[in-house]
Amino acid sequence: MLYIVLAMIVVVVIAAAVVVYAAYPHRGEEVPTAPWLGKAMTRAVGRLPTITQEEGDRHREDQRG
């Protein structure tokens, strides 16, 4: 039972982080009560590999193909 509760807490924390990122740093705004959090999220996202629009389009065309 303890593992389920801990897993649910982790899931809720990750979901809250995604919502905060989508609401503020992704739009170019600061997080009102924790600007350090927005800066940390922006740095973390900057380090992750991303797919450009052209790469995504090319992948979809290859799948249809």
Side-chain angles (χ1 to χ4, degrees):
M1 182 72 173
L2 178 65
Y3 292 120
I4 294 172
V5 171
L6 291 176
M8 290 305 296
I9 290 171
V10 169
V11 167
V12 169
V13 168
I14 292 171
V18 169
V19 169
V20 168
Y21 177 76
Y24 295 103
H26 183 67
R27 295 181 181 178
E29 300 176 15
E30 285 191 6
V31 179
T33 57
W36 58 269
L37 180 62
K39 291 176 186 173
M41 287 179 167
T42 303
R43 281 194 312 261
V45 169
R47 293 179 184 162
L48 295 174
T50 57
I51 297 175
T52 63
Q53 182 68 33
E54 294 81 21
E55 290 172 342
D57 291 343
R58 196 174 324 119
H59 179 70
R60 272 188 247 116
E61 289 174 4
D62 290 345
Q63 284 184 341
R64 290 182 192 160

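Residue numbers run from 1 in the order of the sequence given.
Closest non-hydrogen pair, Arg27 versus Ala22, comes out as NE-O, 3.7 Å. Nearest heavy atom pair, residue Gly38 against residue Pro25, reads CA-CG, 3.8 Å.
Qualifying ring-ring contact (aromatic ring centres under 6.0 Å, His included) partners for Tyr24, counting only residues two or more places apart in sequence or in other chains: none. In this structure Arg43 satisfies the side-chain contact (heavy atoms from CB on, under 4.5 Å) test together with Lys39, Ala40, sequence neighbours excluded.
For the atom pair Leu37 CG and Thr42 OG1, the distance stands at 9.0 Å (nearest 0.5 Å). Atom CH2 of Trp36 and atom CE of Met41 lie 8.5 Å apart (nearest 0.5 Å).
Under the 4.5 Å side-chain heavy-atom criterion for grouping Ile, Leu, Val, Met, Phe, Trp and Tyr, Val45 is connected to Val20 within one hydrophobic cluster.
More than 12 heavy atoms of other residues, nucleotides or ligands lie within 6.0 Å of CG in Leu6, so this atom counts as buried by the packing criterion.
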